[in-house]
Amino acid sequence: MTIKPVEARSHQAPSQLERHHLHRDEKFRNNRPALRWNNSIFQRNRGKSRRNVFIYYFCSAYSLNKKIMDNILVIGSSGQIGSELVMALRKIYGNDHVYATDIKQPTLEIRNSGPFQILDVLDFKNLLHFLVRYKITQIYNLAAVLSGNAEKIPLQAWDINMKALMNTLEAARQSDARKIFWPSSIAVFGPTTPRHNTPQLTVMEPNTVYGISKLAGERWGEYYHKRYGVDFRSVRYPGLISYKTEPGGGTTDYAVEIFFDAIEKNSYQCFLKEDTALPMMFMDDAITNTIRLMQADGNKLSLRSAYNMAGISFDPKELAKAIQKHLPDFSISYKPDFRQAIADSWPASIDDSVAQKDWWLKTEYGLDEMTRVMLEKIREKLSK
Ligand code: NAD
């Protein structure tokens, strides 16, 4: 069921989302550590002064209270990353504390496990209202037009990508939702950037509208951090590979499509040339590291633009070979389209040593392990 925007319903009976929220607050009130405060605490701490015991427990209860009350908004939760990120966040922070929002309907898993609401990030008033109303403390903003689609509608893509970010930064500045994750991309690099082991700090002259918007976004994020103290955090994602939802129109989408076609047709026609190496990452690694960055000590972060994230680098031919280990008859053909030029302007491999040092970026999946899991999970999914 779609829930109407919050403003339009303020005079009516509580909605499903509001009832859910009220019930959660009620549960929390009845369970507060402060209510469990009693004489047994003083008995357990015999020998210490009453004052010190009180201060110790008051501080623990306060910090527990603060931790329990972290409320997270995920914007763009119905997309490739959002569908998996929401579920991972709900496992950590509790279903009721992670609000999924998008302009399109979510997966069943998201809808059935916690709150979901239609919310357009381009509508500043509604966004700010949402942050205040649900006492949001952290935002993950995933809404964007991706590289392939952006080249078809350059001006619109620029407007959407920049407004989605600027509304989030400004709403964060004006509310308590001071901690923001917004993903950048390897698209911030361009044809003049060193293509191999691309350093964190280097020449950046992107020549796609998507890349230009991501580079501008990184600069604005850092600006809001320095100028207004907004806790902006970001990574330059490589191409992300997952099986739960379809990819959203990027240049690295071939590395997901290939698995579905391998199982369904035993062949795939690739829109990039066979030797186009690009950095990629399995979604589980991307999600784990995204949350790791958000949980990292802010004082240890030497960068407030976006951290390089390397993952694994391979080209379509190498990926096809990895698939052939499981499906020996699988065949691949190549018919490069407009996305070839985009891929040619991006790095083939990335140096992410700064992220490793600052917040322990670490990946688990190599090409073979990722291929095995993708084939297994897609087979399961298609047989249902
Ligand atoms: P996606 O296209 O699958 O999902 C984006 C979601 O945002 C969609 O569900 C869409 O409905 C929603 N959205 C669009 N406009 C909106 C609006 N006005 N208000 C609210 N929601 C809106 O994209 P994704 O692959 O999940 O990527 C998420 C973010 O990660 C994007 O910023 C993207 O640039 C970045 N990124 C992704 C990859 C990748 O390989 N997937 C790589 C690098 C960076």
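In each ligand, atom 1 is the first atom listed, and ligand 1 is the first ligand listed.
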Short N or O distance, [X] and ligand 1, threshold 3.5 Å exclusive:
X      : answer
Ser185 : no
Lys214 : yes
Asp120 : yes
Leu240 : yes

Hey, would you say the Tyr134 and Tyr99 ring centroids sit under 6.0 Å apart?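 Centroid distance Tyr134-Tyr99: below 6.0 Å, so yes.
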Just let me know how [X] lines up against ligand 1, side chain, backbone, both or neither, with a heavy-atom cut-off below 4.0 Å.
X      : result
Leu119 : backbone
Arg236 : neither
Pro238 : backbone
Ser184 : backbone

Among all protein heavy atoms, pick the one closest to [atom] and tell me residue, atom and distance.
atom                    : value
atom 19 (N) of ligand 1 : Val121 N, 3.0 Å
atom 8 (C) of ligand 1  : Asp102 OD2, 3.5 Å
atom 28 (C) of ligand 1 : Leu142 O, 3.2 Å
atom 26 (O) of ligand 1 : Ile81 N, 2.9 Å
atom 25 (O) of ligand 1 : Gln80 OE1, 3.4 Å
atom 34 (O) of ligand 1 : Tyr210 OH, 2.5 Å

Atom indices of ligand 1 within 4.0 angstrom of Ala143 heavy atoms, with elements: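 So the answer, numbered in order with elements, is 7 (O), 13 (N), 16 (C), 21 (N), 22 (C).
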Enumerated ligand 1 atoms positioned under 4.0 Å from heavy atoms of Leu146: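 So the answer, numbered in order with elements, is 2 (O), 23 (O), 25 (O), 33 (C), 34 (O).
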Any heavy atom of Ile160 closer to ligand 1 than 4.0 angstrom?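 It does not, in that no heavy atom of Ile160 comes within the 4.0 Å cut-off of ligand 1.
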Should Gly239 be listed as contacting ligand 1, given a heavy-atom distance under 4.0 Å as the test?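 So Gly239 counts as touching ligand 1.
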